[in-house]
Amino acid sequence: MNFQANGAIVLFMKKTDFFITFEGPEGAGKSTQAQRLQRYFAERGIACVLTREPGGTPLAEELRKLLKGFEGGEKITPVTELLLINAARNQHMHNVILPALAAGKVVLCDRFSDSTVAYQGYGRDFDLEVVRKVNALGSAGRSPDLTFLIDLDYASSCSRTSQREETRGEFDRFEAEKKGFHDRVRQGYLAIARSEQLRMKVIDGNRCADEVFADILEEIHEHCQL
Ligand code: TMP
């Protein structure tokens, strides 16, 4: 509580409704880092929701399964892919993300609309303006306050996903794409980071998880006075 010169009492509400997203190529370690940050907040009593895209609600998780592994003998077109991702996103926004932010919680999201610009826009070579407009519809106009782009080169990404492949038994539709696709995705991410330097922080993902997390915490302390 603070007092103005005229004696009026002004309540300064601390901002706690931070929307923080994790982005990056396959195998970059986003999920591990998002989980670490969730633990870090929980240990300090900061209310926090960890969620992911595509997914985060029952319907959006069903759409995720279709997007990652549809096997109905029919190719998913780029337009359908873009729309399904944003249909999932709109469910997620209205049912999980916006209510959590409105309750003053921190929301940590493993992938969000930058993935769509990188994968559908750059990766699938889809008109970037159209992707951004559909994203705006899907995300109900809400952008992240802070985004970590955990950057990783193609060779390291492949070696990490092939290790995962052994445990899971197969690549999903996106992981199975060729090098050219994944190179465009990475270049797309780096282009977003260049144009939005305040929001998107590039973190070198080609290091151990502790080093990556130390960089993330440094940015958190600089940008979020929690
Ligand atoms: P992941 O959560 O295991 O990374 O899987 C999600 C996959 O979905 C990943 O390969 C990237 C892809 N994806 C898109 O292509 N566009 C999007 O907008 C999102 C959120 C994910």
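When a ligand or atom number is given, it counts from 1 through the structure's own listing order.
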Notebook entry, point to check: Roughly how far, to the nearest 0.5 Å, is the CG atom of L152 from the NE2 atom of H182?
Noted result: 12.0 Å
Checklist line | Per-atom contacts, ligand 1 versus T116 - under 4.0 Å to a heavy atom | finding: 17 (C), 18 (O)
Item checked: Proximal atoms of ligand 1 relative to E53 (non-hydrogen, under 4.0 Å) -> 20 (C)
Next item on the list: Evaluate the criterion side-chain contact (heavy atoms from CB on, under 4.5 Å) for residue pair L84 and E81; output intermediate values, then yes/no.
Entry: CA-CA 5 Å; L84 285 180; E81 187 173 275; 6.0 Å; no
Check: Relative to the heavy atoms of R89, which atoms of ligand 1 are at a distance of less than 4.0 Å?
Finding: 18 (O), 20 (C)
Next item on the list: Assess whether atom CD of E71 is packed by more than 12 heavy atoms of other residues, nucleotides or ligands within 6.0 Å.
Entry: no
Margin query: If we only consider heavy atoms of Q120, is any one of them less than 4.0 Å away from an atom in ligand 1?
Written below: yes
Notebook entry, point to check: Taking N or O atoms only and a 3.5 Å limit, does R111 qualify as a polar contact for ligand 1?
Noted result: yes
Next item on the list: Check which hydrophobic residues are tied to L226 through side-chain heavy-atom contacts below 4.5 Å, counting indirect links as well, and list them.
Entry: F18, I20, F22, L37, Y40, F41, I46, L50, V106, L108, L146, F148, I150, I203, V212, F213, I216, L217, I220
Note to self: Against ligand 1, does K68 come closer than 4.0 Å with any heavy atom?
What the structure shows: yes
Notebook entry, point to check: Any idea which part of S31 is under 4.0 Å from ligand 1, heavy-atom wise: side chain, backbone, both or neither?
Noted result: neither
Margin query: So is K30 touching ligand 1 or not, going by heavy atoms under 4.0 Å?
Written below: yes
Checklist line | Over-ring placement of R142 relative to F19, 6.0 Å and 45° cut-offs | finding: no
Notebook entry, point to check: Is the closest heavy atom of D110 to ligand 1 under 4.0 Å?
Noted result: no
Item checked: Salt-bridge present (K30, E23; N to O < 4.0 Å) -> no
Note to self: If you apply the rule side-chain hydrogen bond (donor to acceptor under 3.5 Å, both in side chains), what do you find for N95 with T57, and how did you get there?
What the structure shows: CA-CA 7 Å; N95 296 326; T57 78; 5.2 Å; no
Item checked: Atoms of ligand 1, numbered as shown, that sit under 4.0 Å from any heavy atom of R64 -> 1 (P), 2 (O), 3 (O), 5 (O)
